[in-house]
Amino acid sequence: MRLAGRPVGEEEAGAMGERLSEPQPVLALLQKSSGLVLLGDPGSGKTTFLKSLALSLAAGHFESLGFKNLLPVLIPLSAYANALAKRDVTLTRFLSRYFEEGELKSSLATLFEQKLAAGEVLLLLDGLDEVRERRRRNLVVHRVEDFYRSHRAAGNKFVLTSRVVGYREVRPSAEGLAEATLVDFDDEEIAAFVDRWTAAIEKAASGETRRARKEASREQEELLAAVAGNPGVRSLAANPLLLTILALMKRQGMILPERRVELYERCIQTLIKDWNLARGLAGRATKDLDLWETLRVLRPLALWMHQTSPGVGLVKEGDLQRELKRIFSGRKERDPERAARQFLEDVREHTSLLLDRGGRQYGFIHLTFQEYLAAAALAQEHQQEVEPIVSALAAHVGEATWREVSLLTLGYLGLVQQRDQAAGAVLAELLRQGPGPAGEAAILAGEAVVDMGQGAVAGECRESIVQALLGTLRDERRVKASRRAAAGAVLAEIGDPRPEVMTIDGMELCWVPAGPFLMGSREGDKTAYPWETPQFECAVPVGLWVGRYPVTAAQYGEYEAESGSRRRDYVQGANEPVVEVSWFDAVEFCRWLTARWLASGGIAAGWEARLPSEAEWEKAARGGLVLPSKPVIRTVGGRVPERLGDKVNPRPGRRFPWGERSDLNRGNYESSVGLRSAVGCFPGGVSPYGVEELSGNVWEWTRSLRRDYPLDPACSDEDMEASSQVLR
């Protein structure tokens, strides 16, 4: 949508514009099979599924689950492995003894044996992967297979869980045994989890009161918005364990995702301190790791891993052991090699932060944690000076695999360490040096401010970043189109200071004089629509002011706030051309704007704000047979500059506002950006009258009906009362 202002009532001229991430499928597979092996990564929900299933059956919910009257028996396989280490014992014998040691003693053991003989046991065996020694794991699998074959015929059912890594080497083979792998949550499953989470919290906290429901609804919306609004947070939320941690943080009042570094720090601390205690079955041995000592080793290790394989997150076990040995040597450890082995075992077993990914390769449970810890290492290594941090970041400006590490390093400085002046100094120096491809340093600095929050850097630093982004956005000579668009997107998040883009009364208008021009496309133009030929001479009888830019979302937002009109919910940058506006919405906006500007004296009596006709729009884009020697631009209510001389247009029928050839540096179309862009990113696409964005970015409405060329001599084809069924 673009504005055109002209006197009312004068003669008017006639473009436009088999997946198993939900419990039910797993249950369905178990209903059809005698046994099920459930595989998944750490935190994918294997143990939670077993606990939920056992609790539901213990509560008598047999029919709803699709089972007969089954007795759920849930045990950790590590306990059986420990028993086998002492002497060879069958699983049946172990289970009887296991229950004899409990509070109910022999009565429970007798019940188990009776139910097993009747075929009414659901045996839930958790954590095959936690049997670390391979020979013993093989023995456990053989004994489980023996038990399965002996008791399957009676009607008993079995579920065994394991991580994917290490399972294939000991994979059990038996008739009627199925396998399923738990996968990451998709968006729909994340929403379902959050819905059930908030409902459960609401009920547990205060019952289903109106106030509790309102609070739960607000919390649900905020958590889902946080997940949807940041790719880094979204990638964490795909893992049920990490999504639970996010939900807990939100419950504690933490803002997500504006302070991502605090989020990641809390996630890592939770995994180191609390996860192993909460995730296992009762009686599982745990080790209380020293949080800060663990982090002092994990940080430099993560930085080394990122330097070794940026964006991949996998390193060979031997290389990992050697790097750990080097770190412990630097820490003056008495036996660095032994300390390295013990550290790797502790972190792998008791936090699941660092995992065996198979093929003797290791990686973090999520690449985000490697990137965050690497960033923390950069910040921690240079507590007294910022120059080494600047050098480390400057060397990788423009490299996609280092972008997150760079942003998180700045966030760690400003938020976790509370060194906001140091963060500002790093940003200022990056702007001064301008490393990497043209414009990248400004974009990185802007993204860092968005990531940390507006108050994380001083106002002077923020203003210098805004000015650098404005310069990047308009620098068509040095900066690629995609980076100019990225600068505009960041500017929208920080706060675009341009009144001509962000406010109604700051709009800039360009003078398009009356007179003839060549309208339409030439014969043989393969890019033209069929109705746009032949080219013909048309005249705009009355001069008019045309908006320099399309109406932006911020400007349309003023109208919505004042008039009560609402588009459907649509996420877009405030400095982008407004979208999702019907022709009738656009006309109403213009009527509202006319009344506002008349009331404020922005336009004189007898003028109106309206959509341009098709001919007016096209003349604004192509230029007329005669052109002004310099475009005339004004703001609403501003003084009109003295008219300059005219000249003959050497290219009156040009295909683009700038000339004959397409140029992805002058217009946002085809593959130059791939998304909408902030207005002003393509200054090279300016028309002879100073109007921008007439080629590319978004479709624009005119007031004209859609008709085949050539139009009538007056180039007028308007019917403001036509129904919505008529093409415009």
Side-chain angles (χ1 to χ4, degrees), residues 41-42 230-233 235-236 239 242 260-265 267-269 271-272 294-328 330-331 340 343-344 347-348 351-383 386-417 423 426 430 435-436 440-441 444 447-448 451-452:
D41 286 336
N230 188 286
V233 177
S235 64
L236 293 186
N239 181 286
L242 301 180
R260 283 191 311 149
V261 289
E262 293 179 346
L263 164 69
Y264 296 160
E265 181 78 4
C267 281
I268 288 171
Q269 290 185 21
L271 287 168
I272 293 174
T294 303
L295 287 173
R296 287 188 183 100
V297 178
L298 276 178
R299 288 169 185 152
L301 181 66
L303 180 57
W304 168 80
M305 290 176 67
H306 195 74
Q307 292 167 334
T308 302
S309 58
V312 178
L314 291 175
V315 293
K316 294 180 180 178
E317 182 179 12
D319 294 338
L320 183 67
Q321 291 278 12
R322 283 188 286 275
E323 181 61 20
L324 280 170
K325 181 180 176 181
R326 187 193 67 79
I327 291 172
F328 279 108
R331 292 169 59 82
F343 180 85
L344 183 57
V347 171
R348 181 182 61 195
T351 73
S352 277
L353 260 174
L354 201 57
L355 306 173
D356 180 353
R357 292 295 190 183
R360 303 186 71 81
Q361 294 191 104
Y362 276 74
F364 280 86
I365 184 175
H366 201 288
L367 183 61
T368 290
F369 294 142
Q370 175 185 300
E371 293 169 333
Y372 173 71
L373 288 166
L378 283 174
Q380 290 281 2
E381 284 179 4
H382 308 289
Q383 295 277 4
V386 299
E387 288 80 5
I389 299 176
V390 173
S391 298
L393 299 186
H396 299 288
V397 170
E399 296 179 22
T401 54
W402 277 84
R403 193 168 209 82
E404 274 293 280
V405 172
S406 299
L407 293 174
L408 292 170
T409 299
L410 291 160
Y412 193 89
L413 281 170
L415 297 175
V416 176
Q417 292 186 329
V426 173
L430 286 173
E440 280 288 355
L444 177 65
E447 288 178 342
D451 206 42
M452 289 187 286

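Keep in mind the model is a prediction, meaning the values are calculated, not measured.
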| Worked verdict on Phe364 versus Val347 for side-chain contact (heavy atoms from CB on, under 4.5 Å) | CA-CA 10 Å; Phe364 280 86; Val347 171; over 6 Å; no
Any [X] side-chain heavy atom under 4.5 Å of [Y] side chain:
X	Y	answer
Glu265	Tyr412	yes
Leu378	Leu413	no
Leu353	Thr294	no
Ile327	Trp304	no

| Should Glu323 and Lys316 be marked as a salt bridge (charged side-chain N to carboxylate O under 4.0 Å, His left out) after you check the CA-CA gap, both sets of side-chain angles, and the distance that decides it? | CA-CA 11 Å; Glu323 181 61 20; Lys316 294 180 180 178; over 6 Å; no
Minimum heavy-atom separation for [X] and [Y], please, with both atom names.
X	Y	value
Ala377	Pro300	CB-N, 4.0 Å
Tyr264	Val233	OH-N, 4.1 Å
Leu324	Ala340	CB-CB, 3.6 Å
Leu242	Leu236	CB-O, 3.3 Å
Val397	Pro435	CG1-O, 3.3 Å
Ile365	Phe369	CG2-CD1, 3.6 Å

| request: Please test Leu320 against Leu354 for side-chain contact (heavy atoms from CB on, under 4.5 Å), starting from the C-alpha separation and ending with a verdict. | output: CA-CA 11 Å; Leu320 183 67; Leu354 201 57; 4.1 Å; yes
When rounded to the nearest 0.5 angstrom, what is the spacing between [atom1] in [X] and [atom2] in [Y]?
X	Y	atom1	atom2	answer
Leu444	Asp451	CG	CG	10.0 Å
Leu393	Glu399	CG	CD	11.5 Å
Met305	Asp319	CE	CG	10.5 Å
Asn239	Cys267	CG	SG	10.0 Å
Leu408	Arg403	CG	CZ	12.0 Å
Leu298	Leu373	CG	CG	6.0 Å

| task | May I have all residue pairs that pass salt bridge (charged side-chain N to carboxylate O under 4.0 Å, His left out) and include part of residues 362-374, sequence neighbours excluded? | result | none
| said: Tell me every residue that passes side-chain contact (heavy atoms from CB on, under 4.5 Å) with Ser309, counting only those two or more places apart in sequence or in another chain. | reply: Val312, Val315
| query | Is there a donor-acceptor contact under 3.5 Å from the side chain of His366 to the main chain of Ser235? | reply | yes
| task | Please determine if Glu317 and Arg322 form a salt bridge, counting it only when a charged side-chain N lies under 4.0 Å from a carboxylate O. | result | no
| Less than 4.0 Å between a side-chain N and a carboxylate O, is that true for Glu381 and Arg299? | no
| query | Between Phe343 and Phe328, what is the ring plane arrangement, given parallel below 30°, perpendicular above 60°, and tilted in between? | reply | perpendicular
| request: Tell me, with the steps shown, if Tyr362 and Asp356 meet side-chain contact (heavy atoms from CB on, under 4.5 Å). | output: CA-CA 5 Å; Tyr362 276 74; Asp356 180 353; 4.0 Å; yes
